[in-house]
There are 2 protein chains.
Amino acid sequence: MSSSILDESLGFRLGMTYRKASQILTQRFKPYDMTPEQYTLLVRLVEEDGINQKELAQRTARDQPTLTRILDVLERKGLVRKETDPSDRRAFLLYITDEGRKKAEELIPIEKAYDKELFAGMTPEQITQFRQSLMLLYKNAEGLILHN
Amino acid sequence: MSSSILDESLGFRLGMTYRKASQILTQRFKPYDMTPEQYTLLVRLVEEDGINQKELAQRTARDQPTLTRILDVLERKGLVRKETDPSDRRAFLLYITDEGRKKAEELIPIEKAYDKELFAGMTPEQITQFRQSLMLLYKNAEGLILHN
DNA sequence: TTTCATTAGTTAGTATACTAATTATAATAT
DNA sequence: ATATTATAATTAGTATACTAACTAATGAAA
């Protein structure tokens with residue numbers, strides 16, 4: 001029974017777990033010259049492209065400045081293409097390239113396998129419960145945002 | 001039932017949840033000129049000081065370079081003090097200052113309240129289960145590190 | 001005791017994440 | 001039509017996180 005304030009804090013435990021999990025996936029992606037963050041954008045665009053940056057930001061739970069920078073990298077690598085939206089010249093429509101699709105399809109099984117290893121030892125019911133808890137936490141946190 | 005690769009990925013969900021939760025705590029700590037990361041070091045030192053940086057890094061689940069930089073900030077703010085270890089001149093022993101202790105004690109109830117709000121709607125059993133799942137994930141991830 | 005390996009901490013380099021401010025375009029309201 | 005407001009994306013600034021390389025001190029071995 002730990003009496004540490006930090007160990008008690010679920011927020012802290014959530015953070016340390018995320019950092020460790022992210023660190024391992026970063027290692028595994030490194031030989032493919034890809035980060036987990038870049039990967040999420042790529043995968044989202046494989047599923048649906050022709051959307052703009054604001055939409056992609058929402059669908060990957062990232063803010064727009066972060067997205068801009070990661071997209072720069074993906075564009076430089078030739079995995080993603082930007083076209084100005086003819087109906088709104090402020091916006092860009094994002095398209096995945098053939099190379100980007102190939103890269104994503106190479107990495108998806110690696111990420112899936114990692115996910116499985118990460119959750120080894122948990123029953124399907126526990127995993128479902130964990131997933132639902134994460135979703136509740138996200139909703140709770142969203143509701144606590146200060147809007148200025 | 002979503003068929004999105006990203007939504008299916010528990011690692012991605014873990015990350016988006018952590019980021020959102022961290023973002024809100026960052027907002028709440030801002031009036032106190034404190035980040036969640038700085039806070040964790042401070043709280044750990046309130047519980048036990050006179051340890052060196054390597055030990056503090058382990059106890060807060062952070063790597064040493066990150067620790068060095070955050071400690072710089074805390075030292076500049078006068079919340080933490082470093083003394084060279086007389087028995088090992090490579091190492092520093094870390095001490096919390098009176099001001100640091102006061103700051104920590106001011107923020108601890110804020111973080112605790114936030115944790116409670118974050119987990120609103122979950123039963124104690126669900127929270128316990130969630131905590132145990134996080135601990136299992138951490139252990140699993142640790143076991144998957146590539147050691148060179 | 002001199003060499004070699006290890007260890008504590010830092011520095012350098014890269015990537016991510018957020019807020020706030022800016023630019024350019026679009027949409028709305030007089 | 002013109003002025004105002006809102007929006008998409010970017011830029012600037014700060015903070016965190018990691019790996020790799022480095023410095024200084026320690027410890028162990030020949």
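Just so it is clear: chains get the letters A, B, ... in the order the sequence lines come, proteins before strands, and each one is counted from 1. What you see is a predicted model; the values in this text were computed from it and never measured.
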Residue pairs fulfilling ring pair (Phe, Tyr, Trp, His ring centres under 6.0 Å) with at least one residue in residues 68-116 of chain B, sequence neighbours excluded: none

Contact under 4.0 Å: B:Q27 side-chain N or O vs C:dC18 OP1/OP2: no

Side-chain N or O of B:S22 closer than 4.0 Å to phosphate OP1/OP2 of C:dA17: no

Separation of D:dT14 P from B:I70 CD1 (nearest whole Å): 17 Å

Nucleotide-resolved protein contact map, nucleotides 6-11 of chain D, B/S/- at heavy-atom distance under 4.0 Å: BBSBBB

A:F29 and A:Y39 aromatic ring geometry - parallel, tilted or perpendicular at 30°/60° bounds: tilted

N-O pairing of B:E75 and B:K77 below 4.0 Å: no

Nearest-angstrom distance from the residue atom CZ of A:R19 to P of D:dT19: 12 Å

Ion pair check, A:R28 and A:E117, cut-off under 4.0 Å: yes

Integer-rounded Å distance: C:dT19 C1' and A:D63 CG: 9 Å

Sole residue of A:T40, A:I108, A:D115 in side chain to side chain contact (heavy atoms under 4.5 Å, CB included) with B:S9: A:D115

Which residue lies more 5' along DNA chain D, comparing B:V73 with A:K30 via nearest heavy atoms: B:V73

Interatomic distance where CG belongs to B:L74 and C1' belongs to D:dT16 [whole Å]: 13 Å

B:L56 CG - C:dG9 C1' separation (whole Å): 13 Å

Side-chain N,O (B:Q38) to OP1/OP2 (D:dT16) below 4.0 Å: yes

Sugar-phosphate only, base, or nothing, as touched by B:T66 at under 4.0 Å among non-hydrogen atoms: base

Atom-pair distance (CD on B:E37; P on D:dC18), nearest Å: 11 Å

Gap between atoms CD and P, on B:Q23 and C:dA20 respectively (whole Å): 11 Å

A:E142 vs A:K139, salt bridge (Lys or Arg N to Asp or Glu O under 4.0 Å): CA-CA, chis, key distance, verdict: CA-CA 5 Å; A:E142 254 190 332; A:K139 282 215 172 97; over 6 Å; no

Most 5' of A:R89 and A:R76 on DNA chain C, judged by nearest nucleotide: A:R76

Ion pair B:E48/B:R59, N-O distance below 4.0 Å: yes

Length of the line joining B:I24:CD1 and C:dC18:C1', which is rounded to integer Å: 12 Å

